[in-house]
There are 2 protein chains.
Amino acid sequence: KAVTPSDVGKLNRLVVPKQHAEKHFPPTTAAATGSNGKGVLLNFEDGEGKVWRFRYSYWNSSQSYVLTKGWSRFVKETGLRAGDTVAFYRSAYGNDTEDQLFIDYKKMNKNDGAADAAVSDENETGHVAVKLFGVDIAGGMAGSSGG
Amino acid sequence: KAVTPSDVGKLNRLVVPKQHAEKHFPPTTAAATGSNGKGVLLNFEDGEGKVWRFRYSYWNSSQSYVLTKGWSRFVKETGLRAGDTVAFYRSAYGNDTEDQLFIDYKKMNKNDGAADAAVSDENETGHVAVKLFGVDIAGGMAGSSGG
DNA sequence: ATGGTGACCTGTGAA
DNA sequence: TTTCACAGGTCACCA
């Protein structure tokens, strides 16, 4: 997904496009999450092996799937800005709860004032190691072209 | 405590300074409250003999002790505003659960539009009758000078 | 639908 | 630098 200003702003949440959420993300129902409707905590590994934990839940009020807790930290530490892209992948070999999850991002803007992310001469990405899995579960959520 | 804008605003809660909460307030643990972590209901008597009941609990997420239910009513009826002070006292003659609790407040601002509180020529307070107990368990939480 | 309440979350400043 | 308190928020539930 190409992130919106709101996705990287003060709202501290990323809206996950509904169709992708319902196709590829773990369910957020009470039955699936174990009795409450508070969503689930998901661990995503980035290309550097760093694990990002986000709360993933459904907001009835806006009929939207969102990543909330943990997201603002991701934005800050990666220096993500509006127009940049994020993509999510999963290993897809077991059932949802056992799948390994991955996150990738690509910064479209140069001269970013990212917190501490390494900035290369090229457009910066969160690495594309996950592509080695050959899965494109989240296909369409973001461009998947590597560097 | 000198109350903050948030303490008297729409959040309907008072943050009890942690150090004082842990020293002088009843414990909020599951063992003490009887199995749930929903906090406890405490009755505080003011200088007029009026009893104010507040829910007192611990918020894990912010690592804070708070008074929630009942607090907004107290704010409304006393006309408490940011900068005013509230103080809590307890009789301290038995164990925590048997102690009698008191609340006192002092309004630092004149010309308040309090709901129905009597306004004197002096700074208004919630009376200082509790001082007759001679205890200052909450010493340091607020000035204890009477009017 | 709406407001009150409860639990959860985060940025920021200070220790 | 890291931790911590907390002021200022959010959303979900329930009556």
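The sequence lines fix the lettering, A, B, ..., with proteins before strands; numbering per chain opens at 1.
Between B/N12 and C/dG3 there is no side-chain polar atom (N or O) within less than 4.0 angstrom of OP1 or OP2. OP1 or OP2 of C/dC9 has not a single side-chain nitrogen or oxygen of B/W59 nearer than 4.0 Å. The side chain of B/S64 contributes no N or O atom lying less than 4.0 Å from OP1 or OP2 of D/dA7. OP1 or OP2 of D/dG8 lies within a sub-4.0 Å distance of a side-chain N or O belonging to B/S6. B/R55 has no side-chain polar atom (N or O) that falls below the 4.0 Å cut-off from OP1 or OP2 of C/dT5. Applying the 4.0 Å criterion to OP1 and OP2 of D/dA7, one finds that B/K18 has every side-chain N and O outside that range.
Atom CG in B/N60 sits roughly 9 Å away from atom P in C/dA7 (whole-Å rounding). The distance from atom CG of B/L11 to atom P of C/dG3 is 16 Å, rounded to the nearest whole Å. In this structure, A/Y58 atom OH and D/dC13 atom P are separated by 13 Å, rounded to whole Å.
Using a 4.0 Å heavy-atom criterion, one finds that A/S72 contacts the sugar-phosphate atoms exclusively. Looking at heavy-atom distances under 4.0 Å, B/T68 makes contact with sugar-phosphate atoms alone, never a base. Among the protein residues, B/G70 comes within range of no part of the nucleic acid, since none of its heavy atoms lies under 4.0 Å from any strand.
For the residue pair A/Y58/A/Q63, the side-chain donor-acceptor check at 3.5 Å is satisfied.
Under the side-chain contact (heavy atoms from CB on, under 4.5 Å) rule, B/V51 has a single partner from B/N43, B/I103, B/D46, B/L101, which is B/N43.
Ring-plane geometry between A/Y105 and A/F74 is classed as perpendicular, the angle between the planes exceeding 60 degrees on a 0 to 90 degree scale with a lower cut at 30. Between B/F25 and B/F88, the angle of the ring planes goes over 60°, which puts this pair in the perpendicular group of the 30/60° scheme.
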